[in-house]
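Here is the structure we will look at, set down as structure tokens.
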Amino acid sequence: MQAELLTQITALVGSQFADSISNILSNYDITRKTAPIPPTNTQLLNLFLSAKTIEGKSPKTLMYYKNTLTRLLTTTKKTIEQTTTNDLRNYLSEFQNTHGVSNVTIDNIRRILSSFFSWLEDEDFIIKSPMRRIHKVKKIKVVNKTLSDEDLEKIRETASSYRDRAIVEFLASTGVRVGEIVNLDINAIRLAERSAIVLGKGNSEREVYFDARTKIHLERYLKTRTDKNEALFVSHKRPNNRLTIGTIESIVKKIGEKSLVNHVHPHKFRRTLATRAIDKGMPIEQVQKLLGHVRIDTTMNYAMVNQTNVKISHRKYIG
């Protein structure tokens, strides 16, 4: 670098001053400054996933993020810095048309893209998120059905084993997620207080409560246990492994089919509990706490107001 610079100086001022300038330059380390190489799309994606891991996102959520964002970057074939709002709009539109997915799915993808580009902006990898002008996708509100009192009784009568009956009662009484019930250990159950500590989304613990009927069926089930597994619900056959999400879903589905109740799945118990709690006057903030929701609008999506009560209220207050 110095030799190159000395040649240029000699050409400008002549050899008379070149030696003097050379002596001066010998006291300095002159190197060519090069611009840093920007991180690749893959590197930025991995940094984002690392940040979300630290925030406590579950492996399932992280994989959903990774697959969604990898699909975007593969399709657009642009660096993240070059990606524009129109690129993202076109991607979402073409994805919906090609795969025939609902607005709910597209909005889920939009939220992930928004989270990713907002993070890039916050971390100064990009100047401004191109997702800022892409707003929430409107969704058709579908009234999700809940289980009636008659449905619940049919399901209870059909549950043939102490374990299956305890599962049904626990789901109906607590409204826990199926992922929360499979992770429950026996020592997390407080029978005297009729409560349990469950591990919810984001590794956050919360206390849930169950009724006297559930307590009785849990006690009956636990008395039949001769294994040493710490899990609350285990398989009937040795080595009595902890039940998985898929197994509990299958158990509940079979009970529903046998009882002739349509579309029975663990989440339906959760929705039923939320609906009844709000219908009976429980404040929405308390229902939110009970279900372990971070946002209250999520709780409202689970709750369906009883149409009969709407009719009664209309006649009472309006005429």
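Here the structure is a predicted model, which means the values were calculated and not measured. The analysis underlying the following values was restricted to heavy atoms, covering all of them including side chains, and did not include hydrogens, waters or symmetry mates.
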**Item:** Residue list, ring pair (Phe, Tyr, Trp, His ring centres under 6.0 Å) with F116, at least two apart or on another chain
**Value:** F48
**Request:** Say whether, by atom type as modelled, one donor and one acceptor occur between the side chain of N229 and the main chain of N240 under 3.5 angstrom.
**Result:** yes
**Request:** Using the test ring pair (Phe, Tyr, Trp, His ring centres under 6.0 Å), find all partners of F125 that sit at least two apart in sequence or belong to another chain.
**Result:** W119
**Request:** Please check if the side chain of S114 supplies one atom and the backbone of R110 the other of a donor-acceptor pair under 3.5 Å.
**Result:** no
**Item:** Results of ring pair (Phe, Tyr, Trp, His ring centres under 6.0 Å) for H99 - residues two or more places apart only
**Value:** F95
**Prompt:** Cut-off 3.5 Å, side chains only: do S148 and D151 have a donor facing an acceptor?
**Reply:** yes
**Message:** Among N41, L45, L72, T40, exactly one meets side-chain contact (heavy atoms from CB on, under 4.5 Å) together with I80. Which residue is that?
**Reply:** N41
**Message:** For K128, is there an ion pair with E121 - N to carboxylate O distance below 4.0 angstrom?
**Reply:** no
**Single hit among F170, F210, F269 for side-chain contact (heavy atoms from CB on, under 4.5 Å) with V176** = F170
**Fill in**
One should read off an interatomic distance between H236 NE2 and S161 OG, to the nearest 0.5 angstrom, of 3.5 Å
**Asked** Thinking salt bridges, do K223 and E219 make one under a 4.0 Å N-O criterion?
**Response** no
**Request:** Determine yes or no for a side-chain-to-main-chain donor-acceptor pair under 3.5 angstrom, with T68 supplying the side chain and Y64 the backbone.
**Result:** yes
**Message:** If you count heavy atoms of other groups shown closer than 6.0 angstrom to CD of E153, is the number above 12?
**Reply:** yes
**Item:** Member of L222, N187, V182 meeting the side-chain contact (heavy atoms from CB on, under 4.5 Å) criterion with L232
**Value:** L222
Report all side-chain donor-acceptor pairs from residues 243-252 shorter than 3.5 Å, counting only partners two or more places apart or in another chain.
residue : atom : partner : partner atom : Å
T244    : OG1  : T247    : N            : 3.2
T244    : OG1  : T247    : OG1          : 2.8

**Prompt:** Excluding sequence neighbours, so at least two apart, what forms side chain to side chain donor-acceptor pair (under 3.5 Å) with S195?
**Reply:** E207
**Prompt:** Are Q82 and D87 linked by a side-chain donor-acceptor pair shorter than 3.5 Å?
**Reply:** no
**Asked** Can you tell me if R225 uses its side chain to pair, donor with acceptor, with the backbone of V234 under 3.5 Å?
**Response** no
**Message:** Give me each pair satisfying salt bridge (Lys or Arg N to Asp or Glu O under 4.0 Å) with a member in residues 45-58, each pair once, sequence neighbours excluded.
**Reply:** K52-E55
**Asked** Should the heavy atoms of other residues, nucleotides or ligands under 6.0 Å from NZ of K78 be counted, would the total exceed 12?
**Response** yes
**Prompt:** With a 4.0 Å cut-off, would you call E193 and R190 a salt bridge?
**Reply:** no
**Message:** If we count only N and O atoms by modelled type, under 3.5 Å, do the side chains of D211 and T214 hold a donor and an acceptor together?
**Reply:** yes
**Asked** Between R133 and T85, does any side-chain donor sit less than 3.5 Å from a side-chain acceptor?
**Response** yes
